[in-house]
Protein chains: 4
Amino acid sequence: MAGINKVILVGNLGKDPEVRHLENNVAVATFSLATSESYKDKNGQRVEKTEWHNIVMWRGLADVAEKFLKKGQMVYIEGKIRNRSYQDKEGQTRYTTEIVADEMTMLGARPDGGQGGNTSNAGTQSTAAQNAAAPVGHTPPAYEEEPDDLPF
Amino acid sequence: MAGINKVILVGNLGKDPEVRHLENNVAVATFSLATSESYKDKNGQRVEKTEWHNIVMWRGLADVAEKFLKKGQMVYIEGKIRNRSYQDKEGQTRYTTEIVADEMTMLGARPDGGQGGNTSNAGTQSTAAQNAAAPVGHTPPAYEEEPDDLPF
Amino acid sequence: MAGINKVILVGNLGKDPEVRHLENNVAVATFSLATSESYKDKNGQRVEKTEWHNIVMWRGLADVAEKFLKKGQMVYIEGKIRNRSYQDKEGQTRYTTEIVADEMTMLGARPDGGQGGNTSNAGTQSTAAQNAAAPVGHTPPAYEEEPDDLPF
Amino acid sequence: MAGINKVILVGNLGKDPEVRHLENNVAVATFSLATSESYKDKNGQRVEKTEWHNIVMWRGLADVAEKFLKKGQMVYIEGKIRNRSYQDKEGQTRYTTEIVADEMTMLGARPDGGQGGNTSNAGTQSTAAQNAAAPVGHTPPAYEEEPDDLPF
DNA sequence: TTTT
DNA sequence: TTTT
């Protein structure tokens, strides 16, 4: 009955995240993420094809996104596919597909410059982000208390 | 600039696949796949939520789908997200999201099938499907020729 | 700096889980899981190759394993690779690799019979397991409170 | 009875790959890959924990590894877990676990220097690597020939 | 042995 | 439209 709905993306943010706070104070961050692949077409020409994904982050992850994610940043995202319908301004039913993220890791920052920007960080992963990211996602198992005599 | 765009699904076919053969004789199979999750809402009520995914399979995988996949069948699918736009009958631009599969494994057959049912197959994976599935997806490395003295 | 270490397995338990309770009352379940693949060797012979994985589950997941997992059961497992060393009885240093699970879903039960066993369940997923599994792994996002006007 | 045995890693090479060519001219590359995670221990201290994985690449992927992978490089790797036993020099049976890679993408290059440093490459993915990587892994579906009227 |  |  249950199934698996898992998405794994590595790509770059197209823009800074947009963050909203709902009435119940829950944070939601949204942004689009580009995943590019390059391949050769039938004429042997190299072609780059980019897919854009609508990413949604909630609560703690949204806070991390707000603080640390910027346009251009490369991230690893794990989440699930979610299809939604809504009414557009003309009252038409529209369908959209989002990736609801439940884990995120910043990779090889390319924070698209900015004035004075943190370019020394380019090509590495952000420590700040790691610090911030730690509370979200899985709690790591308490390795300290692991016995050394498991049956294998 | 490459990225990663990977989807992993385990779910059940909502209908038998539809298979088409393009002019160049390439096969395309499409079907929708349900992935259900159940959780408790804020009132402690168990709720089941089902996501429906549009799956597309090409060539060899489409042939396998045509031969072996049936409504109700549980499958593991690996692929990538692909967003497309097209014109509907009124000339409106519509957007749709598909999962282009590149690997498939049949699981826990329940092929909706037949009076008296295929219970010897129940709870296992279809041998026929495995036979068929073998040519698609990754070729397994030739373990026979692997040396025993790799440097670890 | 951070990296990704993710394992996704679908396979069958080789034996019932062994469950221990540490002094601090933390539960640990261990079992081995077979993932089989079949392919054709260079002579065109179909060969089945089975890999056995050492699975470790902690706390809530261990409790679920204890209650619901049985020899033969098919499961989806998500976790991470963990290498450990320990001293064997002769004082030799030994190395072992485990999969520390952080999510589990029961699939297509084949609970290896048992006297009177629940064979009507064969080929499906266990509702009981789903009930039990709900508290472990990710908390599903509170979809109820999601706004319908996200910016895409 | 097939199963799924899938590993996804993002990490850094501990050393340059070692590449061997077997008698049948098949190339095999091996290297170890570090995946680090940081978390807070029970005293609130930030701890970094690194797992080392033994990676094996065959044929085309081994060639790519030989040409492009260097100590320190960050890569995305997809593969499977493989357990092997062998006899050590004293005739003892030893066990080892490897990740047999079947896809690789170079990420956030930091190719450990070189004269004058490849900073224009920092934070991006190597074009050379992409060129080289293209022939390995999945062939992308021929999107050119895709019909626009799939049934969804 | 990597990376921050 | 699936599955429990």
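So you know, we letter chains A, B, ... as the sequences are listed, proteins then strands, and number each from 1.
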Requested in this report: With the side chain of D:E48 defined as its heavy atoms from C-beta on, choose the nearest nucleotide among E:dT2, F:dT2, E:dT1.
Outcome: E:dT2
Query raised in the report: Side chain of D:D41, backbone of D:N43: donor and acceptor closer than 3.5 Å?
Result: yes
Query - Rounded distance in Å - NZ (D:K49) to C1' (E:dT2) - result: 15 Å
Requested in this report: Nearest whole angstrom, please: distance from the P of F:dT2 to the NE2 of B:H53.
Outcome: 15 Å
Report summary line: Atom CG of D:N12 and atom P of E:dT4 are separated, to the nearest Å, by 7 Å
Query raised in the report: Ring of D:W52 versus six-membered ring of E:dT1: centres under 5.5 Å and planes under 30°?
Result: yes
Report summary line: Rounded to whole Å, the CD-P distance (D:Q73 to E:dT4) equals 12 Å
Report task. Specify the separation, in whole Å, of atom CG of B:L107 and atom C1' of F:dT2. Result -> 14 Å
Requested in this report: Verify, without hydrogens or angle tests, whether D:Q73 (side chain) and D:L107 (backbone) share a donor-acceptor contact under 3.5 angstrom.
Outcome: yes
Query raised in the report: Within this structure, what is the CE-to-P distance between C:M106 and F:dT4, rounded to whole angstrom?
Result: 14 Å
Query raised in the report: So among D:K70, D:K15, D:M57, D:E18, which one has a side-chain contact (heavy atoms from CB on, under 4.5 Å) with D:F31?
Result: D:M57
Requested in this report: When you get a sec, tell me which of E:dT2, F:dT1, F:dT2 is the closest nucleotide to the side chain of B:K15?
Outcome: F:dT1
Query - Partner set under side-chain contact (heavy atoms from CB on, under 4.5 Å) for B:E51, not counting sequence neighbours - result: A:N5, A:R82, A:N83, B:T35, B:K49, B:H53
**Report entry** Euclidean distance, atom CG of residue D:L13 to atom P of E:dT2 [Å, nearest integer]
**Finding:** 11 Å
Report task. Find the distance A:N83:CG to F:dT1:C1' and express it as a whole number of Å. Result -> 14 Å
